[in-house]
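Here the structure is laid out as structure tokens; the discussion comes afterwards.
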Protein chains: 2
Amino acid sequence: MVTIDDVAELAGLSKSTVSRVINHYPHVSQEKKQKVFEAMEKLGYVPNSSARSLRNKKTKMIAVIVPRLMNPFFGQLVESMEVAANQSGYQLLICQTMYSQETELGHLELLKTKQVDGIIMASLENDWSTISEYLTYGPLIMCNEFDESADIPIIKLDQIHGGYMATKHLLRQGHRKIAYCSGGYKSMVANHRKLGFDKALAEHGIPFQDAYGFYNAYTIENGMEVFKQIHAMKDPPTAVFTGSDEVAAGIIAGAREYGVTIPNELSVIGFDNQVISKITEPKISTVEQPIEQMAQKAVHVLVDKINDQKPLIRERYELPLELIIRESTVGGPLRAVE
Amino acid sequence: MVTIDDVAELAGLSKSTVSRVINHYPHVSQEKKQKVFEAMEKLGYVPNSSARSLRNKKTKMIAVIVPRLMNPFFGQLVESMEVAANQSGYQLLICQTMYSQETELGHLELLKTKQVDGIIMASLENDWSTISEYLTYGPLIMCNEFDESADIPIIKLDQIHGGYMATKHLLRQGHRKIAYCSGGYKSMVANHRKLGFDKALAEHGIPFQDAYGFYNAYTIENGMEVFKQIHAMKDPPTAVFTGSDEVAAGIIAGAREYGVTIPNELSVIGFDNQVISKITEPKISTVEQPIEQMAQKAVHVLVDKINDQKPLIRERYELPLELIIRESTVGGPLRAVE
DNA sequence: ATGACTTTTGAAAACGTTTTCAATAACTTG
DNA sequence: CAAGTTATTGAAAACGTTTTCAAAAGTCAT
């Protein structure tokens with residue numbers, strides 16, 4: 001391995017000077033600078049990053065914790081983060097929890113061991129009280145998923161309004177029996193969507209029936225299962241609000257199997273505006289989330305916090321969502337228009 | 001920051017002994033071992049990984065280079081690799097090329113700067129002659145994408161057979177005018193599939209018409225475009241072989257818009273067996289790739305190479321593909337059965 | 001030519017580990 | 001019990017950087 005000493009020797013200078021050249025210090029004569037460059041070039045020298053990290057106490061790496069990549073929402077999120085991180089001179093370490101608390105905690109140890117300069121949490125399996133312990137070791141921010149009580153920067157989307165818009169749309173189409181279907185229990189994202197859902201229902205004086213609630217639905221398969229349950233009901237809903245386009249697609253696939261037409265017999269609205277929502281038959285009405293924007297914001301905020309040494313403070317960044325109306329919710333049973 | 005010296009002091013021992021305890025050396029008395037553990041516990045000590053990396057010349061990190069994560073094939077691949085890497089005690093650094101040669105080269109520098117112990121290339125934007133330069137700096141293997149001439153371990157799938165099986169299936173259904181549609185030009189994966197495709201055609205004495213070739217198709221949108229071109233032909237093909245389920249789905253979506261029925265008027269076969277292939281109308285016949293297996297194999301092979309210091313040698317691991325017949329290719333125009 | 005800066009350079013210390021080396025202590029084995 | 005192992009420990013060097021400190025050399029105003 002070629003080290004800074006080799007370069008110094010070949011250039012006939014001290015390693016201090018070589019280091020100064022590498023790090024663009026002022027006060028190095030053009031002449032020596034030139035010599036150093038030549039020596040580096042000739043030897044193919046490149047600084048060892050472990051040594052740099054040790055000395056500088058900066059690894060130029062950040063980690064992002066997500067549930068799992070196969071979920072296209074997180075795939076997109078991580079894709080955008082990687083690009084943003086690279087542009088800011090950072091490498092992105094990817095950590096999947098696979099919905100396990102222990103795995104999530106294990107990933108947080110990266111901060112303790114100084115393998116990364118900071119962490120973006122887009123997963124939240126553990127309680128904030130547990131996670132906050134790690135704040136001593138480095139900056140930690142939340143992205144998308146969140147805990148209200150955490151006094152750290154949080155970059156999130158206006159999920160309440162998202163749930164509200166989608167539900168309001170269904171209500172406007174005349175639906176009064178609307179099912180609610182979401183992912184994880186613990187998720188505040190799902191929680192907020194439900195708040196928006198409830199608010200819209202309340203505005204129409206409609207009480208929510210517990211029988212219309214479905215939870216832990218993430219995948220297409222889950223969606224098909226949900227459809228079956230709805231189909232078996234004596235008094236089924238006429239519309240379903242879902243937490244993801246995959247689940248909505250599953251409901252549509254289930255309906256097709258049972259010969260139930262959508263949106264006529266059942267309306268479905270998704271969430272995310274994934275490509276899948278554009279290619280099902282019928283196409284899925286959904287709520288678009290500005291994923292790339294959120295990813296970039298998260299990276300920039302974290303990088304700022306890494307550069308400032310100051311302790312983290314409570315900060316909130318909220319981005320808007322957009323309702324996208326397609327075929328899976330229009331032309332359904334018009335019963336009453338507000 | 002609490003260091004090994006703090007632990008040593010509190011335990012009343014030398015840091016050598018503490019280090020030995022941490023690294024599970026033999027020949028440390030139970031008594032001192034206990035003291036060290038207590039001190040570590042009390043101080044919340046955890047070894048600094050930059051210092052470790054510097055001394056051990058091992059970072060316990062590997063990088064995977066992929067075109068981009070939004071492509072679900074790579075999403076799945078990376079998901080499985082991350083899990084496998086973690087199980088082997090490694091962190092996974094993710095690098096996207098976004099189809100840029102320069103970006104790919106930039107990522108390879110990670111090996112020079114010793115930020116990672118090895119690299120898995122699942123992208124291949126540059127020529128092997130360029131990439132091979134980096135072999136001096138650490139192990140480098142290929143996964144999925146490959147270059148025949150590279151004398152390094154390559155984990156790949158039997159794409160020739162994949163192309164052959166799919167095409168043979170179309171021929172068996174009576175098709176004689178079969179279009180071929182693939183992704184990148186440079187890709188040897190696409191290249192091999194074409195070899196299998198050609199082989200099947202040759203067995204039936206059918207020459208391939210250049211007008212039936214479509215390239216650079218990756219996305220649903222690309223697939224829709226391909227359909228439009230096919231639809232505008234005077235003598236259109238009766239079946240299309242595509243390089244991905246997304247493209248196949250796009251063709252199906254395009255056909256739906258133009259009122260062309262699939263598979264009756266046009267048969268389509270995809271590749272990958274992504275979830276999307278199960279939810280289009282009709283469901284897509286496709287070729288399943290053992291992604292998880294390939295990802296695990298790649299990680300294990302790389303980790304082995306990192307542990308052996310020996311120089312890399314030519315190795316080939318080839319995993320089989322499986323034809324999955326669904327609706328998009330059956331019930332088409334039966335013309336002749338072999 | 002003097003004093004007061006500023007620029008340019010190198011030696012050495014520091015970052016937090018692991019490992020080599022040597023020394024001492026504790027066993028064996030005849 | 002002497003000689004030969006083996007177990008246990010610590011001091012110091014090493015990994016490859018960056019940075020502090022000090023010194024030498026240059027510049028400038030008087």
Side-chain angles (χ1 to χ4, degrees), chain A residues 1-37 39-40 43-61 109-117 137-138 309, chain B residues 1-37 39-40 43-61 109-117 137-138 309:
Chain A
M1 176 180 224
V2 31
T3 75
I4 199 172
D5 289 298
D6 302 326
V7 176
E9 191 179 347
L10 181 60
L13 294 164
S14 75
K15 56 175 166 182
S16 320
T17 305
V18 176
S19 175
R20 283 190 266 258
V21 171
I22 294 169
N23 295 289
H24 307 105
Y25 270 53
H27 309 322
V28 177
S29 70
Q30 273 305 322
E31 180 207 352
K32 319 260 162 160
K33 216 181 264 184
Q34 192 54 37
K35 278 191 181 168
V36 170
F37 281 135
M40 292 202 306
L43 295 173
Y45 169 77
V46 72
N48 176 299
S49 32
S50 300
R52 281 193 140 173
S53 300
L54 176 58
R55 181 62 225 216
N56 294 337
K57 297 176 171 309
K58 286 272 174 289
T59 61
K60 288 287 177 182
M61 301 218 179
E109 293 286 318
L110 291 171
L111 213 50
K112 261 198 197 170
T113 58
K114 302 286 174 214
Q115 283 188 88
V116 298
D117 293 338
Y137 306 108
Q309 303 296 31
Chain B
M1 176 179 224
V2 31
T3 75
I4 198 173
D5 289 297
D6 302 326
V7 177
E9 191 179 346
L10 181 61
L13 294 164
S14 75
K15 56 175 165 181
S16 321
T17 305
V18 176
S19 175
R20 283 189 268 257
V21 171
I22 294 168
N23 295 289
H24 307 106
Y25 271 52
H27 309 323
V28 176
S29 70
Q30 272 305 323
E31 180 208 353
K32 320 259 162 162
K33 216 181 264 183
Q34 192 52 39
K35 278 191 180 169
V36 170
F37 281 136
M40 292 203 303
L43 296 173
Y45 169 76
V46 72
N48 176 299
S49 34
S50 300
R52 282 194 139 171
S53 299
L54 176 58
R55 181 62 224 218
N56 294 337
K57 294 175 172 309
K58 287 271 175 288
T59 62
K60 289 290 181 177
M61 301 219 179
E109 293 286 319
L110 290 171
L111 212 50
K112 260 198 196 170
T113 59
K114 301 286 176 214
Q115 285 190 85
V116 299
D117 293 338
Y137 307 106
Q309 302 295 29

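Order of the sequence lines sets the chain letters (A, B, ...), proteins ahead of strands, with each chain counted from 1.
Residue B:K57 places none of its side-chain N or O atoms closer than 4.0 Å to OP1 or OP2 of D:dA14. OP1 or OP2 of D:dG10 has at least one side-chain nitrogen or oxygen of B:T17 nearer than 4.0 Å. Note on A:R52: a side-chain N or O is less than 4.0 Å away from OP1 or OP2 of D:dT18.
Distances from the side chain of A:T3 to the nucleotides D:dT17, C:dC15, C:dT17 place D:dT17 closest. Closest to the side chain of A:L13, from the set D:dG16, D:dG10, C:dG10, is C:dG10.
Nearest heavy-atom pair, B:V2 versus B:Y45, reported as atom, atom and distance to 0.1 Å: O-CD1, 3.5 Å. Taking both residues in full, the closest heavy atoms of A:V46 and B:K112 are given as CG1-O, 3.6 Å, listed atom of the first, atom of the second, then distance. Taking all atoms of both residues into account, the shortest heavy-atom contact from A:V28 to A:R20 is CG2-CB, 3.9 Å. A:Q115 approaches A:T59 most closely through the heavy-atom pair O-OG1, 3.4 Å. Taking every heavy atom of both residues into account, B:T3 and B:D6 meet most closely at N-OD2, 2.8 Å. Of all heavy-atom pairs spanning A:S14 and A:A8, the tightest one is C-CB, 3.7 Å.
At whole-Å resolution of the value, CD in B:E9 and P in D:dG10 are 13 Å apart. Atom CD of B:Q115 is separated from atom P of D:dT17 by 13 Å (rounded to the nearest Å). Distance CZ (B:R55) to P (C:dT17): 13 Å, rounded to an integer number of Å. Atom NZ in B:K114 sits about 13 Å away from atom C1' in D:dG16, given to the nearest Å. In this structure, B:N56 places its CG atom 12 Å from C1' of C:dG16, rounding to the nearest Å. What separates NZ of B:K58 from P of D:dC15 is a distance of 16 Å, to the nearest Å. Whole-Å rounding puts the B:I4 CD1 to C:dC15 C1' distance at 14 Å. The nearest whole Å value for the distance from the CE atom in B:M40 to the C1' atom in C:dG16 is 15 Å.
A donor-acceptor pair is defined here as one N or O able to donate and one able to accept, closer than 3.5 Å; no such pair exists between the side chain of B:K114 and the backbone of A:P47. With hydrogens and angles disregarded, a donor-acceptor distance shorter than 3.5 Å links the side chain of B:S49 to the backbone of A:T113. With B:N48 contributing its side chain and B:S50 its backbone, the two residues share a donor-acceptor pair below 3.5 Å.
Across all strands, A:S16 comes closer than 4.0 Å to base atoms (heavy-atom distances). Residue-level contact check: B:K15 touches the bases, meaning some heavy atom is under 4.0 Å from a base atom. Contact annotation for A:S19: base contact, defined as any heavy-atom pair under 4.0 Å involving a base atom.
Nearer the 5' end of DNA chain C, as judged by each residue's closest nucleotide, is the contact made by B:S50, out of B:S50 and B:R20. Nearest-nucleotide positions on DNA chain C for B:N48 and A:G12 put A:G12 closer to the 5' end.
Only A:N23, A:Y25, listed by number, bring a heavy atom of residues 22-36 of chain A to less than 4.0 angstrom from any atom of DNA chain D.
In summary, B:K58 and B:D117 do not engage in a salt bridge, as defined by a charged side-chain N under 4.0 Å from a carboxylate O.
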Summarise protein proximity over nucleotides 22-27 of chain D in one line of letters, 5' to 3': B for base, S for sugar-phosphate only, - for none, counting protein heavy atoms closer than 4.0 Å.
------
